[in-house]
Amino acid sequence: MKIAIPSEYGHVNQHFGMSKEFTIVELDGDKIVSQKIVSADNLQHNHSGLAGLMKDEAVNAVIVGGIGAHALSALEESGLNVVSGGSGKISDVVARFARGELTGRPQGCNHHHGDDHHHEGGCHHN
């Protein structure tokens, strides 16, 4: 199984749509088989582009901390399993996922953020 995690400095980037890189981890059971970082430098807030990147990398699941409703829809429409609860160091998040501790589906916020992308209210992707 391959999972993708929006990453920044070895930690989960809490704003999926603003991630400039993703850590792609291949798991065999609970063992890491491979790990690499892929650039998403030109794909911020390009929901279909980010979903395409995940598909190009043969990702099965995406672990997020926070994600907007449009990005969540794009990933799910591409057949990707989106899992919430990602926070902290990438290695810790992968271990928690492998143990089955991250299973929830995220709730994307559905209000418009405008061009400056400031997040309010119930959004958890700041």
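Starting from 1, each residue takes its place in the sequence as its number.
- Applying the side-chain hydrogen bond (donor to acceptor under 3.5 Å, both in side chains) criterion to Q44, with sequence neighbours excluded, gives no partner residue.
- Between the side chain of R96 and the main chain of G85, a donor-acceptor pair closer than 3.5 Å is present.
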Result block: side-chain N/O donor-acceptor pairs under 3.5 angstrom for residues 1-12, not counting sequence neighbours:
unit_1 : atom_1 : unit_2 : atom_2 : d
K2     : NZ     : E57    : O      : 3.2
S7     : OG     : T23    : N      : 3.3
S7     : OG     : T23    : OG1    : 2.9
H11    : ND1    : Y9     : O      : 3.1

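- Note that CG of D30 is 8.0 Å distant from CG of L27, once rounded to the nearest 0.5 Å.
- Counting heavy atoms from C-beta on, the side chains of V82 and E76 come closer than 4.5 Å.
- V83 is not connected to I24 by any chain of hydrophobic side-chain contacts under 4.5 Å among Ile, Leu, Val, Met, Phe, Trp and Tyr, and they are in different clusters.
- Screening L50, I37, L43 against F22 for a side chain to side chain contact (heavy atoms under 4.5 Å, CB included) leaves a single residue, L50.
- The heavy-atom pair separating I63 from L102 by the smallest distance is CG2-CD1, 4.0 Å.
- A51 approaches L80 most closely through the heavy-atom pair O-CD1, 4.3 Å.
- A donor-acceptor contact shorter than 3.5 Å links the side chain of N46 to the backbone of G49.
- Other residues, nucleotides and ligands contribute more than 12 heavy atoms inside 6.0 Å of the CG atom of D41.
- Residues M54 and V25 do not share a hydrophobic cluster, clusters being chains of Ile/Leu/Val/Met/Phe/Trp/Tyr side chains in contact below 4.5 Å.
- The structure places CG of L53 at 11.0 Å from OG of S19, a figure rounded to the nearest 0.5 Å.
- Applying the ring-ring contact (aromatic ring centres under 6.0 Å, His included) test to pairs two or more places apart or on separate chains, none has a residue in residues 81-100.
- S87 meets the side-chain hydrogen bond (donor to acceptor under 3.5 Å, both in side chains) test with no other residue; sequence neighbours excluded.
- Remark: E21 engages no residue in a salt bridge (charged side-chain N to carboxylate O under 4.0 Å, His left out) (not counting sequence neighbours).
- The hydrophobic clustering, which links ILVMFWY residues whose side-chain heavy atoms are closer than 4.5 Å, places V33 and V93 apart.
- Here CD1 of I32 is found 7.5 Å from OG of S91. Values are rounded to the nearest 0.5 Å.
- One hydrophobic cluster holds both V38 and L75 under the rule that ILVMFWY side chains link at heavy-atom gaps under 4.5 Å.
- In plain terms, the two heavy atoms of A71 and H47 that are nearest each other are CB-CD2, 3.4 Å.
- In terms of the side-chain contact (heavy atoms from CB on, under 4.5 Å) criterion, residue partners of E77 (sequence neighbours excluded) are, by chain and number, S73.
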